[in-house]
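Just the heavy atoms: all of them, side chains too, but no hydrogens, waters or symmetry mates, feed the values below. None of these values were measured; they are calculated from a predicted model. Numbered from 1 within each chain, the chains take letters A, B, ... in sequence-line order.
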Amino acid sequence: MNKIFYLDKLNDKQKEAVETLNGPVLVLAGAGTGKTRVLTTRLAHLLNKKLAKPWEILAVTFTNKAANEMKRRVQNLLKIDIERMWIGTFHSTGLKILRRHSELCFLKRDFTVIDTDDQTRLIKQVLELNKIDIKKYTPSNVLWMIQWFKDKAILPEESKKFKFKFGKTLNISKLYIEYQERLKNLNATDFGDLLLLPVKIFRENLEVLKKYQNQFKYILVDEYQDTDTCQDTFLKLLSQKHKNICCVGDDDQAIYSWRGADVKNILNFPDAFKNVKIIRLEQNYRSTDHILAAASKLIENNKDRLGKTLWTNALNGEKLKLHFFEDGKDEAKNISLEIEKLKLKKTKLNEIAILVRASFQTRLFEDRLLKIRIPYRVIGAFRFYERLEIRDAIAYFRIVHKNYDDLAFERVFNTPKRGLGTATLQKIYTFSRDSNMTLLDASRKIVETDELTSNSRSTIKKFIEDIDRWKSKINKINHIELAKVILEESGYTKMWLNDKSIEAPGRLENLKELISALRDFSNMNEFLEHISLVFENERNYDSDMVNIMTMHAAKGLEFESVFLAGWDEGLFPHQKSLEEKGNKALEEERRLAYVGITRGKNNVYISFAKRRFIHGTWNFSQPSRFLSELPKENIDSNEDFFQEEDGFIVDQAEYENRIKNPNRLLFKNKENLLENRNSYNSEYNFKVGDDIFHEKYGYGTIKYIVDGKYEIVFDKLSETKIVLENFIKHA
DNA sequence: AATGCAGCCATTTTT
DNA sequence: TGGCTGCATT
């Protein structure tokens, strides 16, 4: 056995989590407690102690990023053949299994996996076939329903209970069956099926299940709190035999219930297995004391949790800084000033993040940072340019317009298939390195030699001729025409036309979209410039930029300084989650706040804006309730705070202002009064003196009309709240 | 096919 | 406010 050098780097709890190899283990790993280290070390330890062969361990994550990170780190610990291990995302693992048994689901081995776009298209077809009014039930609605149905389909009892609220007019299970039928005919699956079908296979074919149960002697799960019913079932089926399942997660960081994740999976894990060993990792290596204290106090307000308390040796850190701003612009401006200060103190921009609740908030920050020329990247936005066909097409454009682009060359050199394989590429690669040439130039030279087979030689010759011909046209025809020519003559369009797979029409559609996007630019270089910036966001993790993203996207990351913007009641916690019955949604928002705060290593800034211009209207709001849940002793602020009786923090000036001035309400029309919104346009004509009834605050009267907006005074409310919700016109 | 216009909608998004 | 969709027009 190798010397167990890696255990020395662990603390006692971590060591326990690594060394408790047999039986079910639940590792509750708080933010920044070295979760990944434990996971990878545990993997290494299993192999090192020869308890399992590489292929007898299953390790699942949610993202490719996490899976790759795990592979990289295991590789660092042990020199083993990582490719034989089952380390991957839930979906890739499901796919791997499904490929081996596709015939059990009436799929051919080479079935395709469609993306959400294609899924929507398919559903649309099914809806149209059933003569269903797409306006009433949009495909995205039905997509959602189908997803939901899939989740429930995992549990037979649940699916029996299944009665959708549109059930009378819309037979969702019929649509679901037709949709699945359609997928089967196309020899395709959607993302949901990648796990659903393996579970189905396991349930219907005991010998297949047994095979995998025997194979996977040890199972490791990352981010267990994010598993949905299907994923959990998948894991439970596989672990039944050996019961050596180690789930790592943090119930306090469960923020994906809206995507089907069920915190119950982690909360009930100890009941689902016998003799579960629970190990808590509570020593935090990321943040300083005030940050952790504030985060811990905040999360204590949640009832649904297993409970743990983070602690650290990093004492005497900075307090959290609270800032109150007039509006969103003011917030962006001051945060950017603060960033400039940090920059002067030599903080790397990479180590700074602005975290928001909703993606529309990023805009103001982008505007501001662009203006003062601080480089930034927005992480996690949906990107059109990420699609395979778009990337291929752009690679073609790049290779024509910029001859030094090796990545582009590599990408398209056998797309569409020209019969050029890795062997040929390898040779060109070596040649280009030896002669210090680009791949394109190297190919020009290499065809003069007899390095390659005559077949590939003539193919490459043709390929180069094509490229040169397109190049010669750059100044002769406009870039839009040229783009069309390239896609035509390269055979790229034809490739998708000939492609019988279900995604082909969509891809052609996207290519058209790409062409029309070119119209916004006067030449191809301008366009490529723009594109490269878009890609920059992805690739240039090493270049120094401020990070802007949602708190969801920030999970798992850490930064020297973190700006948590928009802690306004209604924005965060989000109105939608306040409207939901019970505390479930609110607790999830609180967990999100917890995730946000615990991203910061040394500095956490939290801000609130009194008004915000959202969707064309001004919104007034109160400070987020989460602000009042932060202990005063861990906070510094730009104003004196005042604790109101009901727990809301407002600053002194605002408090006095509220006593002097009546409550304000902005609204749109009569219908909206019945809605649970907190902002309204001013289209509906109330008169001064109209009575209004509020569920909680009772009767009120419209006292003023200012700027076409209404101010209302409540009879029983002389001070405290600005109330902007739950209004019913007094009959 | 391209364009224009009206109406609708607006939380979080990986695989 | 602004981006998207569906439908009607050129």
Provide, to the nearest angstrom, the distance between the CG atom belonging to A/Asp222 and the P atom belonging to B/dT14.
16 Å
Any idea which of B/dT13, B/dT11, B/dT14 is nearest the A/Arg357 side chain?
B/dT11
From CZ of A/Phe62 over to C1' of B/dT15, roughly how many Å is that when rounded to an integer?
10 Å
Which one, B/dT15, B/dT11, B/dT12, comes nearest to the side chain of A/Asn64?
B/dT15
From NZ of A/Lys576 over to C1' of B/dT12, roughly how many Å is that when rounded to an integer?
11 Å
State which of B/dT12, B/dT14, B/dT11 makes the closest approach to the side chain of A/Ser359.
B/dT12
Under 4.0 angstrom, heavy atoms only, what part of the nucleic acid is A/Phe613 near: base, sugar-phosphate, or nothing?
sugar-phosphate
Decide whether A/Asn301 and A/Glu629 meet the rule of one side-chain donor and one side-chain acceptor closer than 3.5 Å.
yes
Of the nucleotides B/dT11, B/dT15, B/dT13, which one has an atom closest to the side chain of A/Phe191?
B/dT15
Nearest to the side chain of A/Arg363, which nucleotide is it out of C/dT1, B/dT13, C/dG2?
C/dG2
NZ/NE/NH1/NH2 to OD/OE distance under 4.0 Å, A/Arg612 and A/Glu331:
yes
Under the criterion of centre distance below 5.5 Å and interplanar angle below 30°, is A/His552 classified as stacked on the base of B/dT12?
no
